[in-house]
2 protein chains.
Amino acid sequence: METIKSHIVYGGTLRYLKHDSATTGTSMTLSVFVPAGEGPFPVLIWLSGLTCTEDNFTTKAGAYKAAAKHGVIIVAPDTSPRGEGVADDPAYDMGQGAGFYIDATQAPWTPHFRMESYVVGELIALIDAGFPTTGTRSVFGHSMGGHGALTLALRHPELFRSVSAFAPISSPTRCPWGEKAFSAYLGADRAAWAGHDAALLIEGGAATGVYDDILVDQGEADPFLVEQLKPELLKAAAEKAGQGLTLRMQPGYDHSYFFMASFVDDHVAFHATRLKA
Amino acid sequence: METIKSHIVYGGTLRYLKHDSATTGTSMTLSVFVPAGEGPFPVLIWLSGLTCTEDNFTTKAGAYKAAAKHGVIIVAPDTSPRGEGVADDPAYDMGQGAGFYIDATQAPWTPHFRMESYVVGELIALIDAGFPTTGTRSVFGHSMGGHGALTLALRHPELFRSVSAFAPISSPTRCPWGEKAFSAYLGADRAAWAGHDAALLIEGGAATGVYDDILVDQGEADPFLVEQLKPELLKAAAEKAGQGLTLRMQPGYDHSYFFMASFVDDHVAFHATRLKA
């Protein structure tokens with residue numbers, strides 16, 4: 001891993017890093033915050049939303065104060081492979097910046113678009129090898145990255161201690177963003193989609209008994225709430241499956257990092273409690 | 001004032017605004033955070049550094065949690081007039097984005113570059129007229145904006161209750177950034193410069209007895225520390241004049257918003273205490 005730049009923040013060290021990924025076949029970028037001290041520290045992985053790189057969360061979320069306080073490493077990867085030779089689409093919700101944390105099975109997205117394998121395999125290994133971690137980790141994210149956090153945690157419960165999300169795409173098989181992305185990346189056969197739909201996974205009991213609670217914050221003034229995000233589907237699925245899930249509808253809040261910054265301390269504390277249990 | 005966009009953050013309302021300025025003869029942009037509740041609230045004005053707009057502080061400083069807690073309005077104006085017909089320079093440290101919070105006396109910077117008059121006159125009046133303020137205010141800033149905060153507070157002590165700075169240009173008459181900007185905006189005659197040099201103003205007793213303390217944070221790993229910022233000149237001037245000044249050298253910190261975010265709570269608290277005294 002190559003360090004692009006490094007900053008001290010809240011007494012810890014924040015690095016922007018780049019590495020050649022065997023999983024995506026591209027150079028991948030990320031940021032890693034490590035608290036002051038020797039460690040070892042548990043790891044909290046952040047997955048960003050559409051159009052984001054690793055930089056949006058890193059500069060705007062205001063999460064490092066809580067991470068420093070609780071002694072948690074925070075890792076924020078980019079949202080897709082990028083660069084020349086990597087497939088792309090002019091739309092903001094497809095291609096580079098829109099990896100959806102799944103492994104594409106359809107051309108032209110194969111072989112680079114393998115964000116699920118990248119996060120749960122190479123990224124986790126890289127962090128555990130390169131930083132003073134306890135080997136335990138949790139995951140959270142926003143919008144497309146909220147979908148990513150939920151589905152990766154539900155599909156790989158052995159890897160994570162806890163999961164939370166801000167304004168997640170709750171059921172990508174039942175909203176335009178998800179239907180468009182899954183059609184392109186996974187193909188027209190909807191049978192392949194269900195395993196990447198957080199609400200359907202919860203309803204199917206994918207992680208019942210694994211996660212005591214799943215924390216979800218959703219702004220009531222979020223312009224994507226009704227058509228794209230549909231947190232009520234998560235809540236209904238959790239009730240049906242007996243999965244603990246706390247959905248907090250936040251009056252007045254929108255889809256921006258200002259919303260996330262307002263509640264990020266709660267999420268870091270939620271994970272810190274479970275990472276240290 | 002026209003509202004460009006609005007977000008709820010930490011329960012308060014953050015607005016990006018635009019208005020036609022009689023002082024600069026241009027459209028000017030700013031952000032205003034107003035805490036939840038009826039108010040009235042005291043005002044804390046933030047002045048940004050070179051290349052910034054109102055957006056850098058607003059998205060990166062993480063100041064609104066403390067502002068919400070203490071019940072303080074935070075106003076962040078742009079750093080210069082902008083637009084077609086406004087003089088500019090290809091260098092990052094001159095022209096648009098580099099107003100230096102002074103009123104230019106030299107062509108081509110007259111008549112638009114009047115950032116001192118804009119901040120202490122039109123901006124303050126606009127905020128007091130448009131928001132539930134107590135009519136009391138303080139000022140802080142970063143780098144060029146640290147110079148701005150210090151010099152405006154020292155030149156107009158009747159307007160402000162307190163002043164603080166992150167990595168300020170402490171003595172623009174004795175560093176390349178300041179010498180270049182003052183030569184261009186104020187002309188070759190250095191006699192006109194001294195009144196806009198924070199260290200010289202403090203040394204001359206400009207506000208001795210007005211401000212009980214001036215808080216300055218400076219990163220020891222700031223690449224501009226030795227050549228441009230020179231906080232030791234502030235400290236020496238304050239000691240000479242009997243002006244209270246707390247200079248905190250912060251080991252490892254650089255010139256970025258990560259540095260400022262790490263200590264911004266202290267600054268908001270410093271001002272809140274004095275605004276409510």
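Lettering of chains follows the sequences in order, A, B, ..., and the numbering in each one begins at 1.
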For this session: Could you tell me which of B:Thr13, B:Leu14, B:Thr59 has the largest number of non-hydrogen atom pairs under 4.5 Å with chain A?
Result: B:Thr59
Problem set entry | Contacting moiety of B:Ser256, where chain A heavy atoms sit under 4.5 Å | side chain
For this session: Tell me, yes or no, whether the heavy-atom count around A:Lys18 atom NZ, taken from other residues, nucleotides or ligands under 6.0 Å, exceeds 12.
Result: no
Exercise. Do any pairs count as a salt bridge (Lys or Arg N to Asp or Glu O under 4.0 Å) and have a residue in residues 62-77 of chain A, sequence neighbours left out, and if so which ones?
Worked result: A:Lys65-B:Asp265
Problem set entry | Residues that B:Arg82 engages under salt bridge (Lys or Arg N to Asp or Glu O under 4.0 Å), provided they are two or more places apart | B:Asp78
Seminar exercise, completed: Exactly one of B:Phe259, B:Tyr253, B:Phe258 clears side-chain contact (heavy atoms from CB on, under 4.5 Å) with A:Ile8, and that residue is B:Tyr253
Problem set entry | Engaged part of B:Tyr257 at the chain A interface, taking heavy atoms whose separation is under 4.5 Å | neither
Problem set entry | Leading residue by heavy atom contact count with chain A [cutoff under 4.5 Å; candidates B:Ala68, B:Gly252, B:Gly62, B:Ala61] | B:Gly252
Problem set entry | Test item: B:Tyr64 side-chain N/O and A:Ser262 main-chain N/O as donor-acceptor pair under 3.5 Å | no
